[in-house]
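For clarity, every value in this text was computed on a predicted model and none was experimentally measured. Whatever order the structure lists them in is the order used to number ligands and atoms, beginning at 1.
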Amino acid sequence: MKKIILDCDPGHDDAMAILLAHGNPEIELVAITTVAGNQTLDKTSLNARRVATVAGIQDVPVAAGCDRPLTRELKTAGYIHGESGLDGPAFGEPTVPLDSRHAVDLIIELLMHSNGDITLVPTGPLTNIAMAVRKEPRIVAKVKEIILMGGAYTRGNTTPAAEFNIYVDPEAAEIVFRAGWPLTMVGLDLTHQALATPAVLERIAALGTPVARIAVQLMEFFRQTYRRNAGFDSPPVHDPCAVARVIDPNVMQCVNAFVAIETRGEYSSGMTVTDFSSRLGPTNAQVATKLDVDLFWDLMVDAIRRIGAPGVRAS
Ligand code: BDR
Ligand code: CA
């Protein structure tokens, strides 16, 4: 089993990442930790508990972390994810509780007690991960690898230069990219290939389960906001791409690069400056370039199918 800690800010695509991590039989989800990003921390934490409840995730701690970036004011993305951060479906009261530990402490605890077999999968701003490595630098040697959704080498989505997760907390991203652990950047260049097309949504809807219905409703809402705000016909489902890389590295091609985080630029703050020719420094990241689109959606649909009706995991 491949153990992961999913550090997220649900978020429609974070919700899909939770479903993929839970439903895939090769992944052991050891914790879901939350951070402020797409919405405020109270909302992203509630949303993580909502998704965990509908997916029947039990005995996996859901812990809340940092409620704002390291040094900056929080900027949220209600224009994409709605007022709740997970607009679209009607969720009941979640039954999955919030763990009493701070996410940063839980991340440190799990990594320090591990055999070096846990992969960190951040799909939100990198505040919790940066705080954890500052508080306990020995986690760098303990982590198996870090596979994050964030950044890009050809574009931004929040500014012309910056992707949202890095834009929100560039100082945290700089700490994470400099930490010296094996790191994969699954950025927009890759995730814009993971489009929830009508054909994909038909496949998910055909599963006919409550979880499948919620996934489709989430993606329908996401389609509307992406169409309105970014001119996409079908929305890019960013965050589960990072989970898919853990499940099967063949799902994407990666190229080694040195990635620097721009923290000071007037127009470029939050940019992941990606140097494929080692002019600025030695390789510190594998950078995702090309997605096996069919394999990715097969993994996603299969995970939702296996979740089935919560409590009744299909084989
Ligand atoms: C990232 O920003 C968030 O809105 C999404 O959840 C994803 O993690 C894409 O830029
Ligand atoms: Ca996210």
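- Coordination check, Asp14 versus the Ca ion (ligand 2): passed, since an N/O/S atom of the residue sits under 3.0 Å.
- Each of the atoms 1 (C), 7 (C), 8 (O), 9 (C) of ligand 1 lies under 4.0 Å from some heavy atom of Met149.
- Salt-bridge check for Arg305 with Asp298: failed, with every basic side-chain N at 4.0 Å or more from each acidic carboxylate O.
- Heavy-atom contacts of Asn157 reach the following atoms of ligand 1: 9 (C), 10 (O) (cutoff under 4.0 Å).
- The environment of Arg178 atom CZ is sparse: at most 12 non-hydrogen atoms of other residues, nucleotides or ligands sit within 6.0 angstrom.
- Shown here for Ala196 and Val237, the closest heavy-atom pair between the two residues is CB-CG2, 3.7 Å.
- Restricting Asp9 to its N/O/S atoms, the shortest distance to the Ca ion (ligand 2) is reached by OD1.
- Across Leu207, Val211, Leu20, a single residue satisfies side chain to side chain contact (heavy atoms under 4.5 Å, CB included) together with Ile307, and that is Val211.
- Here the protein heavy atom with the shortest distance to atom 6 (O) of ligand 1 is Asp13 OD1, 2.6 Å.
- Atom OH of Tyr79 has more than 12 heavy atoms from other residues, nucleotides or ligands within 6.0 Å.
- If you number the atoms of ligand 1 from 1 as listed, the ones under 4.0 Å from a heavy atom of Asn165 come out as 1 (C), 2 (O), 7 (C), 8 (O).
- Near Glu163, the atoms of ligand 1 lying under 4.0 angstrom from a non-hydrogen atom of the residue are 1 (C), 2 (O), 9 (C), 10 (O).
- A parallel orientation is assigned to the rings of Phe222 and His12, their planes being inclined by less than 30° (bins at 30° and 60°).
- Not a single heavy atom of His12 sits less than 4.0 Å from an atom of ligand 1.
- For residues 124-142, every residue pair satisfying the salt bridge (Lys or Arg N to Asp or Glu O under 4.0 Å) rule, not counting sequence neighbours, is listed here: Asp105-Lys135, Glu136-Arg138.
- The nearest heavy-atom contact from the protein to atom 3 (C) of ligand 1 is Asn38 OD1, 3.1 Å.
- At least one N/O/S atom of Thr123, whether from backbone or side chain, sits less than 3.0 Å from the Ca ion (ligand 2).
- In this structure, His238 and His192 have tilted ring planes: the angle between them lies in the 30° to 60° band.
- Under a 4.0 Å criterion applied to the non-hydrogen atoms of Phe164, ligand 1 contributes the atoms 2 (O), 3 (C), 4 (O), 10 (O).
- Closest approach between the Ca ion (ligand 2) and any N/O/S atom of Asp239 involves OD2.
- At least one N or O atom of Asp239, backbone or side chain, sits closer than 3.5 Å to an N or O atom of ligand 1.
- Of the listed residues (Leu218, Thr44, Ile32), just one forms a side chain to side chain contact (heavy atoms under 4.5 Å, CB included) with Pro10, and that residue is Thr44.
- Heavy atoms of Thr158 found under 4.0 angstrom from ligand 1: none, in either backbone or side chain.
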